[in-house]
Asks: 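My structure is below; once you've seen it, I'll send some questions.
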Amino acid sequence: IVVLSSIYLGKASTNGLCAHNIVDALSEEGNEIDVICYEDTEVCNIKNVHTIHNNPQAYKSNIDKLVSKLSKSFYFLLSSPRCYLEENKVDSYYKALCKIDESFKIDAIVAILFPLETAEAMTRFKRSHPETKTIIYELDSISDGVAQSNAIQKFLNFNYYKWLYSMYWVIDNVIIMKSHSDYWLKAFGGRFRNKLKIA
């Protein structure tokens with residue numbers, strides 16, 4: 001089982017701490033677990049922990065950064081979810097998954113949301129490896145209560161909804177918090193209720 005997380009090493013984020021709990025619980029049941037997370041220069045060579053750069057933009061040239069900003073603006077105008085995804089980070093998570101799968105067949109992936117890129121990379125992997133079980137663990141909701149009265153926020157919320165809907169078609173299960181269940185069932189329950197697990 002591979003768990004995709006963000007700040008997992010060192011002083012972990014709240015989502016990283018949750019990932020630790022998931023890893024501990026699954027390990028106690030006898031599962032072999034790998035983790036893909038952001039690198040921490042003060043922590044290295046941890047068994048079964050694979051790292052990616054937290055800020056891939058920092059390694060881009062100024063021209064590449066400009067092209068990235070322009071493409072994000074273009075995707076925003078098209079109402080495409082790609083307007084807020086860091087494609088380089090998605091690629092890094094995906095490549096790490098493929099590298100693990102070359103050595104040990106991945107049975108299941110759990111993507112902790114946030115960041116969004118974990119779920120996007122897992123969905124991409126699922127499309128090329130349909131036999132792999134895939135689970136999004138939504139610790140935080142991005143579609144419930146995100147939009148304010150601001151028109152841009154409402155537009156972003158529409159993009160979030162489109163992105164989630166496209167992923168829910170592909171992945172196997174969604175774990176959400178109980179406090180988010182009413183909204184989720186109203187928004188997605190008609191089509192994806194059989195995929196839902198409530199924590």
Asks: Say you draw a straight line from CD1 of Ile52 to OG of Ser92; how long is it, rounded to the nearest 0.5 Å?
Replies: 5.0 Å

Asks: Residues in salt bridge (charged side-chain N to carboxylate O under 4.0 Å, His left out) with Lys105, at least two apart?
Replies: Glu131

Asks: Of all residues at least two apart in sequence or in a different chain, which pass the ring-ring contact (aromatic ring centres under 6.0 Å, His included) check with Tyr168?
Replies: Trp184, Phe188, Phe192

Asks: Any non-hydrogen side-chain atom of Val35 less than 4.5 Å from a side-chain atom of His50?
Replies: no

Asks: Do you reckon Leu139 sits in the same ILVMFWY cluster as Leu116, going by side-chain contacts under 4.5 Å, direct or chained?
Replies: no

Asks: What closest approach, in Å, do Ala119 and Leu113 show between heavy atoms, and which atom pair accounts for it?
Replies: CB-CD1, 4.1 Å

Asks: How many angstroms lie between CG in Asn54 and CG in Asp40, if you round to the nearest 0.5 Å?
Replies: 10.0 Å

Asks: Working to the nearest 0.5 Å, report the span between NZ of Lys99 and CD1 of Ile36.
Replies: 10.5 Å

Asks: Do Val23 and Leu26 land in one hydrophobic cluster if side-chain heavy atoms of ILVMFWY residues count as linked below 4.5 Å?
Replies: yes

Asks: Going by heavy atoms in the side chains, are His129 and Ile106 under 4.5 Å from each other?
Replies: no

Asks: CD of Glu29 to CG of Asn31: how many Å apart, nearest 0.5 Å?
Replies: 6.0 Å

Asks: Under a 4.0 Å threshold between the charged nitrogen and the carboxylate oxygen, would Lys126 count as salt-bridged to Asp172?
Replies: yes

Asks: Counting C-beta onward and ignoring hydrogens, is there a side-chain heavy-atom pair between Leu85 and Glu117 closer than 4.5 Å?
Replies: yes

Asks: What is the minimum heavy-atom distance between Cys37 and Ser6, and which atoms define it?
Replies: CB-O, 3.3 Å

Asks: Are Phe125 and Asp101 close enough, and set up right, to give a side-chain contact (heavy atoms from CB on, under 4.5 Å), and what steps lead you there?
Replies: CA-CA 10 Å; Phe125 189 87; Asp101 193 60; 3.9 Å; yes

Asks: Would you say Arg124 and Asp91 make side-chain contact, with heavy atoms under 4.5 Å?
Replies: yes

Asks: Are Ile109 and Phe114 co-members of a hydrophobic cluster defined by side-chain heavy atoms under 4.5 Å apart?
Replies: yes

Asks: Indicate yes or no: at least one non-hydrogen side-chain atom of Met167 is less than 4.5 angstrom from one of Val170.
Replies: no

Asks: Is any side-chain heavy atom of Ile198 closer than 4.5 Å to one of Ile176?
Replies: yes

Asks: Would you say the side chain of Leu9 lies within less than 4.5 Å of the side chain of Thr51, judging by non-hydrogen atoms?
Replies: yes

Asks: Looking at Ser5 and Gly16, what are the two nearest heavy atoms and their distance?
Replies: OG-CA, 3.7 Å

Asks: Working to the nearest 0.5 Å, report the span between CD of Glu138 and NE2 of His180.
Replies: 5.0 Å

Asks: Could you see if Ile136 belongs to whatever hydrophobic cluster contains Val90? Use Ile, Leu, Val, Met, Phe, Trp, Tyr and a side-chain cutoff under 4.5 Å.
Replies: no

Asks: Mind checking the CG-CD1 spacing from Asn48 to Ile46? Nearest 0.5 Å is all I need.
Replies: 10.5 Å

Asks: Side chain to side chain donor-acceptor pair (under 3.5 Å) for Lys89 and Tyr38? Distances and angles first, verdict last.
Replies: CA-CA 10 Å; Lys89 200 177 284 185; Tyr38 294 161; 3.1 Å; yes

Asks: Is there a donor-acceptor contact under 3.5 Å from the side chain of Lys195 to the main chain of Ile171?
Replies: yes

Asks: Would Ile22 end up clustered with Ile100 when hydrophobic side chains under 4.5 Å apart are linked, directly or stepwise?
Replies: no

Asks: For residues 86-111, pull every pair meeting ring pair (Phe, Tyr, Trp, His ring centres under 6.0 Å), keeping only residues two or more places apart or in separate chains.
Replies: none

Asks: Between Ile112 and Tyr8, is the side-chain contact (heavy atoms from CB on, under 4.5 Å) condition met? List the steps.
Replies: CA-CA 11 Å; Ile112 308 291; Tyr8 180 86; over 6 Å; no

Asks: Do Val2 and Leu97 pass the side-chain contact (heavy atoms from CB on, under 4.5 Å) test, and can you show the C-alpha distance, the side-chain angles, and the key distance before you say yes or no?
Replies: CA-CA 8 Å; Val2 180; Leu97 283 168; 3.8 Å; yes

Asks: Is the closest side-chain heavy-atom distance between Ile33 and Val3 below 4.5 Å?
Replies: yes

Asks: Evaluate the criterion side-chain contact (heavy atoms from CB on, under 4.5 Å) for residue pair Met122 and Leu4; output intermediate values, then yes/no.
Replies: CA-CA 8 Å; Met122 180 184 70; Leu4 306 183; 4.2 Å; yes

Asks: Does the pair Lys47/Asp34 count as a salt bridge with the N-to-O cut at 4.0 Å?
Replies: no

